Protein chains: 2
Amino acid sequence: MKTNPIEIVIIEDEEDILELVEYHLQKAGYETMGFLSTQNVEQFLEEENPSLMIVDRNLPECEGSEFVAELRRYGCNIPVIFLTAKDRDEDIEEGFVRGGDDYITKPFKPKELVLRVQALLRRSGITSNEKIKYRDLILDIPNRTLTIENNLVELTNLEFKLLHTFIKNPNITLDRDFLRDEIWGEDGANFNDKTINVTINRLKKKIDPTGEKEYFIPVWGVGYKLG
Amino acid sequence: MKTNPIEIVIIEDEEDILELVEYHLQKAGYETMGFLSTQNVEQFLEEENPSLMIVDRNLPECEGSEFVAELRRYGCNIPVIFLTAKDRDEDIEEGFVRGGDDYITKPFKPKELVLRVQALLRRSGITSNEKIKYRDLILDIPNRTLTIENNLVELTNLEFKLLHTFIKNPNITLDRDFLRDEIWGEDGANFNDKTINVTINRLKKKIDPTGEKEYFIPVWGVGYKLG
DNA sequence: ATAAGTTGATAACAAATTGATAACAAATAT
DNA sequence: ATATTTGTTATCAATTTGTTATCAACTTAT
């Protein structure tokens, strides 16, 4: 089973530094997503829900701390570390006031950056990414939402549980007994076989109305597999 | 505005510095408790439950970071900021590895210390002297008031707790079990499911009488989410 | 290859579950 | 004691889930 690494966004307009930061964070086991400006970041946050952001302040178009302040205003609570050359007392104050959780001045020690990232993640109660992806499906567990190509797809509780089970076991055939135990519980005294078919079908229709993507592959006489 | 202040423990063997730190934190509205060594601190933690600790490392008898590591081993999760002259890379690493949340080296700027204290408290969910905003809701924690577009909205105690819980977890589906534990307490032997519905509904009506803003989104069979 | 039997897909319907809301009762605070 | 807050219950509405019937697809035996 593939584990979902923690994803960190870095906004930094100097490419050398961006690469340096990404290198060290990746070495520490994190997944990174770099941006050279604040452009497109907002959209990315909505889609991916990363766990932490490292933000430079001297950015083209939009100043980094103002960007963060704006996010905070809209209820975005992602942990933020400023990584910037702005090292005057007033700058640092501004960074914290505008919603930063930590403030590192350049030049910086990569190791300390990683340590501070770890400490902040720990304190924020983030242990692993809360999103599970499979092909173009993004399942957000705490949100209980499914996103397909930027579209929110409403799922019922049963459908969510079912899809979750399949995405946790991709490419593995789940037989009907397993599904019954896992989704419906062990009390299957009188359990209609066709219930599974119907539920899978309803789910199929919701996530792939045209049926062209063939997420669920029936395995005759056994069950289904997510392919 | 009477609110029980946040209490901060400072462990620092140089009396001058201890006084300086206490002075600035008190000026920022915190209650402080200073110690010249780690002695008696453990007992104090159990009795008083302070919100944060500022710890020097070069202390008589017991080294500061070892003391924190020991606390962590026993499950103590209090936010810790190290404030120390030990500024080598290995020292800083040790500080974080042993459970510190932040690391400030001497000489330090008092203002930055206060900012870092505030940031860490905020991230730790200790909000007592903060305002939390979400969309057009402004929740004033110490005053226990809610303002919507400059209008004061009266909330009962229960409603305030409920809204506070949701605003702390925006966009996250809070299930009924969680809400019951969080708001009503663990003694849910006989707890009427519908109590949550009714309370949410009363809150909805107060903060959005016309229902057009759709703050609370029901998640079928699970709970609610603030959206 | 074809027929019979089995299994899956699908639609329509029925049942069960869950949420909203109002009215009332109990508890708590002032 | 009175007002306010909070919990309970009943009713209704919405949604979800299960059942059944019918048809299509697949497997296997002849």
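Not measured: the values here are computed from a predicted model. Proteins get letters first, then strands, A, B, ... in listed order; numbering begins at 1 in each.
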Counting any heavy atom closer than 4.0 Å, what does A:Phe216 reach on the DNA or RNA strands: base, sugar-phosphate only, or nothing? nothing
For B:Asp193 and C:dG19, what is the distance between atoms CG and P respectively, to the nearest whole Å? 8 Å
Could you tell me how far apart A:Asn201 (CG) and C:dA12 (P) are, to the nearest whole angstrom? 14 Å
Can you sort out the partners of A:Tyr215 under side chain to side chain donor-acceptor pair (under 3.5 Å), two or more places apart, ordered by chain and number? A:Asp136
Rounding to a whole Å, what distance do you find between B:Asp175:CG and C:dG19:C1'? 16 Å
Toward the 5' end of DNA chain C, which comes first, A:Lys204 or B:Pro218, by nearest nucleotide? A:Lys204
side-chain hydrogen bond (donor to acceptor under 3.5 Å, both in side chains) evaluation trace for A:Arg57 with A:Tyr103: CA-CA 11 Å; A:Arg57 294 192 56 184; A:Tyr103 200 101; 3.1 Å; yes
Which residues share a ring-ring contact (aromatic ring centres under 6.0 Å, His included) with A:Phe160, sequence neighbours left out: none
Does A:Lys205 make a side-chain N or O approach to OP1 or OP2 of C:dA9 shorter than 4.0 Å? no
Please list all pairs meeting salt bridge (charged side-chain N to carboxylate O under 4.0 Å, His left out) that have one or both residues in residues 149-161 of chain A, counting only residues at least two apart or in different chains. A:Glu149-A:Lys213, A:Glu159-A:Lys206
Which residues share a ring-ring contact (aromatic ring centres under 6.0 Å, His included) with A:Phe67, sequence neighbours left out: none
Just the rounded figure in Å: distance from P of C:dA9 to CD1 of A:Ile200. 8 Å
Using the test ring-ring contact (aromatic ring centres under 6.0 Å, His included), find all partners of B:Phe96 that sit at least two apart in sequence or belong to another chain. none
Under 4.0 Å, counting only non-hydrogen atoms across every strand here, what does A:Tyr224 touch: a base, just sugar-phosphate, or nothing? sugar-phosphate
How does each nucleotide of nucleotides 13-23 of chain D score, in 5' to 3' order, for protein heavy atoms under 4.0 Å: base (B), sugar-phosphate only (S), or none (-)? -BBSBBBB---
